[in-house]
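Reviewing the structure listed below.
Each residue takes its place number in the sequence, starting with 1.
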Amino acid sequence: MKNFLLLSLTIATSLSLMAQSRPQLPANGRNITEKKSVESRPLLEYQSNQSSVNNGVKVLTDVPVGTTSYDLQTNDCVDSRCHLFPDGTIGTTWTFGTTPPNYPERGTGYNYFDGTSWGPDPTARIENQKTGWPSYAALGTNEEGEVVIAHNFAVYSLIMNIRVPKGTGAWTQSVLPKITGTHPSWPRVCTSGNTIHVICNDNDTNVVINGMKSPLYYYRSTDGGTTWDINQVIPAGLETYTEGFGGDEYAWAKPQGNTIAFVVGDMPTDLVLMKSTDAGTTWTKTVIFQNPHPYFDYSAPNDTMYVTDGHYAVELDPSGNAHVVFGIKRVLNVSSTSYSVFTLVNGMGIWNEGDPTYTGLNGLNVDNLDAQGKLVAWVQDHNGNGTIFENFVNGTTVMATFRYGAPVSQPQLSIDANGDMYLVYTSTVEPPLGKKIL
């Protein structure tokens, strides 16, 4: 049974203060590869994940808020499922399920901190039907309410639950409108007052809209979910990615009034910032990383290249400028069915709005980013000898990472009113000397 914990952090990585030396790989460590199979995306939602080890923070306390046996909480980017309200209360959600393998009772697990204590561990979902992938946000001018949007894979619809006031009473459930024949799935929600913004992905690779397979959709409601004045459109500029994107390969920034932003991308694609200053009416597209071989371009042999790992976070600073962090992989495309990952290469990069686009095979080379001050996280040297992964090089061939993620991955970014940025992420942990990575 999985326990969901609220972590109180005493130390997070401040991007503005980071000044520690990065440990190096063993001389022969850079060339260790692991062969991977190319998988069709979007991903199946019933697959299980391999847990990563959290690193880079010191935990003061952890508070159990709920349990589940369903362990796939995301395919790629970490969703917004916890919110601290201005009055000090907290709401949190997760995908709840207790009876494998099909989890007929699966849905949104929810708990609430009333300022003094958490509610009891929930034993049932909040919806009246099977759902998954709940995305959670505050709702209302003074954040007096809350909204959860999840998907129902049986009917391929987005299910919304709203409650005002927050933390108590019955939820009001509705279904978002959709285009006939489409399959909106894996939602992400953010709010500004009573305006609700949603992005999601089509689950069917056979669906093509405006020339884009598996389209990424955007919805907007300006009246708290009563009506949707923008319904299931592709934000202008993304239709150029004709092969589309997969589930959970996108993340919202916290809105600032009418300024909203999200990032989207994957290992074989560009990484793109989509930003709007008019609450989603129009969009500006900025390419953060331009993949030198889009979709791995199987028509010609590819050289070794550095790419993003499909796990991103974006946040707006007090001036409204976007900042994006991402995991990094080094890969070599072998064929249309397989590629090789250089397993030990690790690092997390940052791009600040106004920076040039990262380009070329070595545009995301972690050594180059380190020299430029654009590498913000890496696997820590726990034994303090200046080198990491000696044991891996000496014969261990299995290293735990999160699904398709890099050794340093799954970032969450927060920026306070002073512009200080804090990063939380997962990382593979170096074992002590004499121990093997299992």
Side-chain angles (χ1 to χ4, degrees), residues 36-50 70-81 93-95 97 103 106-108 130-136 148-160 176 178-179 181-190 197-209 212-219 232-235 238-239 241-252 262-272 274 295 307-314 326-327 401-406 409-412:
K36 299 281 189 178
S37 297
V38 172
E39 294 191 31
S40 176
R41 299 242 185 149
L43 303 173
L44 294 176
E45 63 156 13
Y46 294 107
Q47 293 174 333
S48 296
N49 69 311
Q50 186 178 31
Y70 190 86
D71 65 353
L72 178 54
Q73 298 294 317
T74 181
N75 291 300
D76 287 286
C77 297
V78 177
D79 193 9
S80 174
R81 290 180 175 158
T93 63
W94 62 95
T95 300
Y103 298 95
R106 197 188 71 179
T108 298
K130 183 178 180 179
T131 65
W133 273 246
S135 192
Y136 177 72
V148 179
I149 298 181
H151 69 218
N152 181 324
F153 253 38
V155 295
Y156 294 108
S157 293
L158 300 184
I159 311 300
M160 180 172 67
L176 270 64
K178 72 170 187 175
I179 299 169
T182 62
H183 313 81
S185 307
W186 300 296
R188 294 286 192 271
V189 64
C190 70
H197 307 277
V198 181
I199 50 177
C200 66
N201 184 252
D202 201 296
N203 181 52
D204 192 339
T205 56
N206 294 316
V207 173
V208 180
I209 296 179
M212 184 184 191
K213 296 180 182 178
S214 299
L216 183 143
Y217 302 123
Y218 169 67
Y219 299 73
Q232 208 175 350
V233 302
I234 300 173
L238 287 184
E239 72 282 348
Y241 297 99
T242 56
E243 294 299 311
F245 302 97
D248 299 332
E249 293 173 357
Y250 32 83
W252 280 114
F262 69 89
V263 288
V264 60
D266 192 16
M267 186 173 61
T269 74
D270 296 345
L271 173 57
V272 176
M274 300 296 291
Y295 300 104
V307 296
T308 67
D309 73 343
H311 300 70
Y312 317 115
V314 56
F326 48 88
T401 57
F402 176 78
R403 291 169 64 82
Y404 305 101
S409 191
Q410 287 193 292
Q412 286 282 273

Quick one: does [X]'s side chain get under 4.5 Å of [Y]'s, heavy atoms only?
X	Y	answer
Pro411	His311	yes
Val272	Val263	no
Ser185	Asp202	no
Phe326	Leu271	yes
Ile209	Thr182	yes
Trp133	Leu158	no

For the pair [X] (side chain) and [Y] (backbone), establish whether a donor and an acceptor sit closer than 3.5 Å, ignoring hydrogens and angles.
X	Y	answer
Thr93	Tyr136	no
Gln232	Ile179	yes
Thr74	Asp76	yes
Gln73	Thr95	yes
Asn201	Asp248	no

Stepwise side chain to side chain contact (heavy atoms under 4.5 Å, CB included) test for Val198 and Tyr218:
CA-CA 6 Å; Val198 181; Tyr218 169 67; over 6 Å; no
How many angstroms lie between atom [atom1] of [X] and atom [atom2] of [Y], to the nearest 0.5 angstrom?
X	Y	atom1	atom2	answer
Leu176	Ser157	CG	OG	9.0 Å
Met212	Ile234	CE	CD1	5.5 Å
Glu243	Lys213	CD	NZ	4.0 Å
Phe262	Ile199	CZ	CD1	5.0 Å
Met274	Leu238	CE	CG	4.0 Å
Thr205	His183	OG1	NE2	10.0 Å

Heavy-atom pair with the smallest gap, counting every atom of [X] and [Y]:
X	Y	result
Ala150	Pro134	CB-CA, 3.9 Å
Trp252	Cys190	CD2-SG, 3.4 Å
Pro187	Cys200	CA-CB, 3.9 Å

Please report whether the ring centroid of Tyr103 lies less than 6.0 Å from that of Tyr70.
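Yes, the ring of Tyr70 comes within the 6.0 Å limit of the ring of Tyr103, centre to centre.
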Taking only residues two or more places apart in sequence or in another chain, which ones pass side-chain contact (heavy atoms from CB on, under 4.5 Å) with [X]?
X	result
Asp79	Arg81, Ser135, Arg188
Ser80	none
Pro268	Asp266, Phe296

With distance as the sole criterion, is a donor-acceptor pair present between the side chains of His197 and Tyr219 under 3.5 Å?
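Absent: no donor and acceptor within the cut-off.
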For Asn203 and Trp186, test the side chains for any donor-to-acceptor distance below 3.5 angstrom and give the result as yes or no.
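Note: Asn203 and Trp186 side chains miss the donor-acceptor criterion.
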Can Tyr241 and Asp270 be said to form a side-chain hydrogen bond (donor to acceptor under 3.5 Å, both in side chains), step by step?
CA-CA 9 Å; Tyr241 297 99; Asp270 296 345; 2.8 Å; yes
Just do the side-chain hydrogen bond (donor to acceptor under 3.5 Å, both in side chains) check on Asp309 and Ser409 with the steps written out, would you?
CA-CA 8 Å; Asp309 73 343; Ser409 191; 2.7 Å; yes
